[in-house]
Amino acid sequence: MSKIECRDLTKVFRLGSSYFQAIRNLSFEVDAGELVAVVGKTGCGKSSALNIILGLNRPTAGKLVIDGKEPYNDFDHFRGKLSAVFQTDRLIPWRTVLRNATYALEILRIPQERRIEKARCWLEKLGLSGFENAYPHELSGGMRQRVGIARAFSIDPDILLCDEAFGHLDEVTAIKLRADFLELVRETKKTSLFITHDIDEAMDLGERVLVLGKPARLLMDIQVPSEIKSSPARRAELKSRIIKAIESDEPAAQG
Amino acid sequence: MDLEPLPKERALNIEMLISLGALLFSWQVASFFLPEYVLPGLQMVLQEFLKMAQEGTLFWDTLLTLYRIWQGLIGGFLVGALLGVAMGTVKKTENYLIPIVNFIMGIPGLSWTLIVILWFRGTETRIFALMLAVSFPVFSHSILDAVKGISKDLMEMTLAFRPTRTQVFRMLIVPSIIPHMLTAWKVTIGFAVRVVIVAELVGASTGVGFRMLQQQSLLNMSGVLAWTMALVISGLAMQLLITKMESRLLRWRPSTL
């Protein structure tokens, strides 16, 4: 199990002749085995942060460290350790459901028999049995996203990242998928970071919620109390605090 | 349950038969009013065609011409694919290579025909060089575009799992560019047929181009037309072959029905 540490992370993009700051001195930590939701306005640099955690982009300043190593600089160290579920399913259109689910395992050079067995097991858990030979375009959005989740879990990563994974699904499908996802995360005890713009989703999924401003920096870091499940009043109060923090775009008092 | 019937697969397309029939009919009617060396009747062209088939030249010369086309195009494809992939994946290579590729692409096929005759000895070498020169820029351009067009989302998803370079190439790049590659083949085949005929006409003593020239010098219009037919039919057959490959390789695509 792995721990994510983010220290004074800054990311600046060049846009033509001007500069655009997506992340400004972002600091936070995610403990091993913790499920943390990150919430913020759309376009607040959450996805840039995700790409830095995945090691696909280099931070402009500051450090992003997982188990003492930086995903960008020690790129190959993280082989098989990171997985992501993206906003759009990002399935390979020319591969069937089964072969999409084996994609990551194939990269890790798991022998064919083993990888088919593993992929089938995950597809079954996500309710996709019987669709192994379908192509992505033949499935609904919710089912495609399930294949994406199966692919992410298939390699049994240390860290699981989700970027607005259920954002474009209809509410009923999203609720069901969220519940299934949560169960799998709990069952496999992965360190997970769940990025979303939906405050309710953040409160439902995260044990802890990080609220980001725009450009991305930490405004609030709160433990989600378990009472919110039973007390709508507590829930509403927490939600309004998060909304206030996002609206003011100023770091809020902790507590 | 009342399901909508599936659209029938038609082996022969009626619209196509009507339009082709109309064309042949007007040809036949026109041939009654025109001298034979301008427009011979269909039966004469057919006769000539059968004669060529009996003598064996129809088969062997057509085969030779097709062989020349494919040999050259495969060479052009290999060179073009190599350049296209290099330009698309290695930084800055495009800036160095594109001007050269564009310059070569700007040279007309006819100029190349003259150039290869002066540069090389032997018909086969000349035609191979010609085919290579006219086809590789087209292949490298379309493959470069295809490599550039690979989905950034899929690339990031793949890279997140830390694949090796070969894996990226085999699992993402190659399958992504296949549709563009097939389109490039279709375009290039049509182009190559035209160029190879000119080359055979100017500098060969075998092949469809040469046979056409022979018939023309005998003022035998039926012969010229019969060879032209042979050429058109083989061109269409090659296109059909690529289309078949396309529907086989791209069966994952949503059908447009």
Side-chain angles (χ1 to χ4, degrees), chain A residues 47-48 50-57 69 71-72 74-97 99-100 102-110 115 133-139 147-148 151-157 159-163, chain B residues 3-4 6-7 81 85 88-92 142-143 145-185 242-257:
Chain A
S47 300
S48 313
L50 178 91
N51 274 351
I52 291 174
I53 302 173
L54 284 174
L56 301 174
N57 276 335
K69 293 200 192 278
Y72 185 86
D74 298 301
F75 195 79
D76 288 325
H77 171 79
F78 290 92
R79 194 174 167 87
K81 296 191 172 153
L82 300 174
S83 261
V85 180
F86 301 92
Q87 187 168 11
T88 52
D89 51 73
R90 301 204 189 183
L91 299 182
I92 306 276
W94 57 84
R95 285 184 168 232
T96 59
V97 166
R99 295 197 61 231
N100 263 293
T102 58
Y103 191 72
L105 296 162
E106 200 178 322
I107 290 175
L108 298 184
R109 298 223 162 84
I110 309 289
R115 64 178 188 245
N133 296 320
Y135 285 101
H137 75 87
E138 297 169 310
L139 304 181
V147 181
R151 178 179 62 197
F153 275 101
S154 69
I155 59 166
D156 192 23
I159 291 179
L160 188 64
L161 303 160
C162 293
D163 182 17
Chain B
L3 288 172
E4 221 176 290
L6 282 171
V85 170
T89 52
V90 188
K91 260 188 197 163
K92 300 259 173 160
S142 67
I143 288 168
D145 282 347
V147 172
K148 278 182 175 173
I150 291 175
S151 152
K152 194 168 168 275
D153 280 358
L154 293 185
M155 186 56 95
E156 284 179 355
M157 180 277 289
T158 305
L159 290 179
F161 295 118
R162 273 64 182 167
T164 60
R165 267 170 180 275
T166 353
Q167 283 177 326
V168 177
F169 188 72
R170 190 170 49 80
M171 295 170 72
L172 187 63
I173 297 182
V174 172
S176 305
I177 64 179
I178 282 179
H180 304 262
M181 243 156 60
L182 291 172
T183 312
W185 268 98
I242 304 277
T243 310
K244 287 275 173 224
M245 273 170 74
E246 213 166 29
S247 51
R248 215 188 127 62
L249 286 169
L250 307 181
R251 60 181 183 278
W252 54 268
R253 281 188 168 177
S255 70
T256 44
L257 270 178

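To find a chain, count down the sequence lines: A is the first, B the second, and so on, and within it residues start at 1.
The distance from atom CE of B:M155 to atom CZ of A:R90, rounded to the nearest 0.5 Å, is 12.5 Å. Rounded to the nearest 0.5 angstrom, A:N100 CG and B:M157 CE are separated by 7.0 Å.
At least one side-chain heavy atom of A:Y103 sits under 4.5 Å from a side-chain heavy atom of B:L172.
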Report, one line per pair, each donor and acceptor closer than 3.5 Å where one atom sits in a side chain of residues 178-185 of chain B; sequence neighbours left out.
residue : atom : partner : partner atom : Å
B:T183  : OG1  : B:P179  : O            : 2.9

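For a residue to count as touching a neighbouring chain, one of its non-hydrogen atoms must lie under 4.5 Å from one of that chain's; by this rule A:P71 touches chain B with backbone and side chain alike. Heavy atoms closer than 4.5 Å to chain B are found in both the backbone and the side chain of A:L54. Residue B:Q167 touches chain A through its side chain alone, counting heavy-atom pairs closer than 4.5 Å. Heavy-atom distances place the side chain of A:F86, and not its backbone, under 4.5 Å from chain B. Residue contact with chain A, scored on non-hydrogen atoms closer than 4.5 Å, is absent for B:S151. With a 4.5 Å cut-off on non-hydrogen atoms, A:T96 does not touch chain B at all.
Taking both residues in full, the closest heavy atoms of A:I107 and B:P163 are given as CG2-CA, 3.5 Å, listed atom of the first, atom of the second, then distance. When every heavy atom of A:L91 is checked against every heavy atom of B:L154, the shortest pair comes out as O-CD2, 3.5 Å. Residues A:P93 and B:W252 approach most closely at O-CE3, 3.4 Å, considering heavy atoms.
For the pair B:R162 (side chain) and A:H77 (backbone), a donor-acceptor distance under 3.5 Å is absent.
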CA sep, side-chain torsions, deciding dist, call: A:E106, B:F161, side-chain contact (heavy atoms from CB on, under 4.5 Å): CA-CA 10 Å; A:E106 200 178 322; B:F161 295 118; over 6 Å; no
Stepwise, does the side-chain contact (heavy atoms from CB on, under 4.5 Å) test hold for A:R109 with B:T164? CA-CA 11 Å; A:R109 298 223 162 84; B:T164 60; 3.9 Å; yes
